[in-house]
Amino acid sequence: MSFEELFDASYERVLQPRPGFPDFFEAFYRRFLMASPEVRALFRNTDMAVQRSMLKKSFFSLVAFYASGNVDDVLHRIACLHSARHLSIKPHLYDLWLDCLTDTVRAYDWECSDDIELAWRLVLSPGITYMKFGYDHF
């Protein structure tokens, strides 16, 4: 199975509702906010329901960038918004973001393995690299 196939199958599993547990993206944000005071400060006045909705939509842009190699308008707009000129989301926070995301995958995907974690990292890394590059350039 290719890394793309591993990612796709895992993504389907993590999105399946689990009785008594928050959905995947809510669990991710809980983990991300607990990971750093810097992250908590950035989100202190944020409506997290809206934030989760935005992440779900932008997540597809990250995956599409991996698949196509083309930056869509959504990803470019987010990179600009997160740049030093606007929200100033520091590049090192993307690494923490990805670590928290893969930790959440491990908690939500009952089939998770090192290969599946690597698949998530490989699929999302091109878009994350684009976002990090944009910090000083957009």
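Just so it is clear, the structure is predicted and the values come from calculations on it, not from any experiment.
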Exercise. If Ile, Leu, Val, Met, Phe, Trp and Tyr residues are connected whenever their side-chain heavy atoms lie under 4.5 Å apart, and connections chain through other members, are Met131 and Tyr135 in the same group?
Worked result: no
Exercise. Who are the ring-ring contact (aromatic ring centres under 6.0 Å, His included) partners of Phe133, not counting sequence neighbours?
Worked result: His137
Exercise. Does Ile89 belong to the same Ile/Leu/Val/Met/Phe/Trp/Tyr cluster as Met34, with side-chain heavy atoms less than 4.5 Å apart forming each link?
Worked result: no
For this session: Using modelled atom types only, decide if a donor and an acceptor are shared between the side chain of Ser10 and the backbone of Phe7 within a distance under 3.5 Å.
Result: no
Problem set entry | Residue pairs fulfilling salt bridge (charged side-chain N to carboxylate O under 4.0 Å, His left out) with at least one residue in residues 94-106, sequence neighbours excluded | Asp95-Lys132, Asp99-Arg121, Arg106-Asp114, Arg106-Glu117
Exercise. Do Leu42 and Leu87 come close enough that some side-chain heavy atom pair is under 4.5 Å?
Worked result: no
Exercise. Got a second to check how far Tyr108's OH is from Phe21's CZ, nearest 0.5 Å?
Worked result: 6.5 Å
Exercise. Taking it one step at a time, do Trp110 and Gln16 satisfy side-chain contact (heavy atoms from CB on, under 4.5 Å)?
Worked result: CA-CA 11 Å; Trp110 58 89; Gln16 292 179 11; 3.3 Å; yes
Exercise. Between Phe32 and Phe28, is the gap from one ring center to the other below 6.0 Å?
Worked result: yes
Exercise. Is any side-chain heavy atom of Leu33 closer than 4.5 Å to a side-chain heavy atom of Met48?
Worked result: yes
Problem set entry | Gap between atom CD1 of Ile128 and atom CG of Leu98 - 0.5 Å precision | 4.0 Å
Exercise. How does the hydrophobic cluster around Met54 look, that is, which other residues are in it when side-chain heavy atoms under 4.5 Å mark a link?
Worked result: Val50
Problem set entry | Interatomic distance, Leu96 atom CG to Lys90 atom NZ [nearest 0.5 angstrom] | 14.5 Å
Got a list of side-chain donor-acceptor pairs under 3.5 Å for residues 70-78, not counting sequence neighbours?
unit_1 : atom_1 : unit_2 : atom_2 : d
Asp72  : OD1    : Ser61  : OG     : 3.2
Asp72  : OD1    : Val74  : N      : 3.2
Asp72  : OD1    : Leu75  : N      : 2.7
Asp72  : OD2    : Ser61  : OG     : 2.8
His76  : ND1    : Tyr130 : OH     : 2.6

For this session: For the residue pair Leu101 and Phe59, establish whether any side-chain heavy-atom pair is separated by less than 4.5 Å.
Result: yes
For this session: Determine, using ring centers only, whether Tyr11 and Phe24 are less than 6.0 Å apart.
Result: no
For this session: Assess whether side-chain contact (heavy atoms from CB on, under 4.5 Å) is satisfied between Ile116 and Arg13, documenting all intermediate values.
Result: CA-CA 12 Å; Ile116 288 172; Arg13 287 190 296 273; 3.4 Å; yes
For this session: Could you tell me whether a side-chain N or O of Glu12 sits under 3.5 Å from a main-chain N or O of Ala9, the two making a donor and an acceptor?
Result: no
For this session: Carefully, step by step, assess Thr102 and Cys112 under the rule side-chain contact (heavy atoms from CB on, under 4.5 Å).
Result: CA-CA 10 Å; Thr102 57; Cys112 195; over 6 Å; no
Problem set entry | Test log, rule side-chain contact (heavy atoms from CB on, under 4.5 Å), inputs Trp97 and Leu55 | CA-CA 12 Å; Trp97 184 93; Leu55 175 59; 3.7 Å; yes
Exercise. Pairs in or reaching into residues 24-44: which pass side chain to side chain donor-acceptor pair (under 3.5 Å), with residues at least two apart or in two chains?
Worked result: Glu26-Arg30, Tyr29-Gln51, Arg31-Thr104, Glu38-His92
Exercise. So, the side chain of Ser83 versus the backbone of Phe138: is there a donor-acceptor pair under 3.5 Å, distance only?
Worked result: yes
Exercise. What pairs with Lys57 under side chain to side chain contact (heavy atoms under 4.5 Å, CB included), at least two apart in sequence or on another chain?
Worked result: Ser53
Problem set entry | Side-chain H-bond candidate by donor/acceptor type, Thr129 with Tyr94, under 3.5 Å | no
Exercise. More than 12 heavy atoms of other residues, nucleotides or ligands under 6.0 Å from CZ of Phe43: is that the case?
Worked result: yes
For this session: Could you tell me the separation between the CG atom of Leu6 and the CG atom of Asp115, rounded to the nearest 0.5 Å?
Result: 6.5 Å
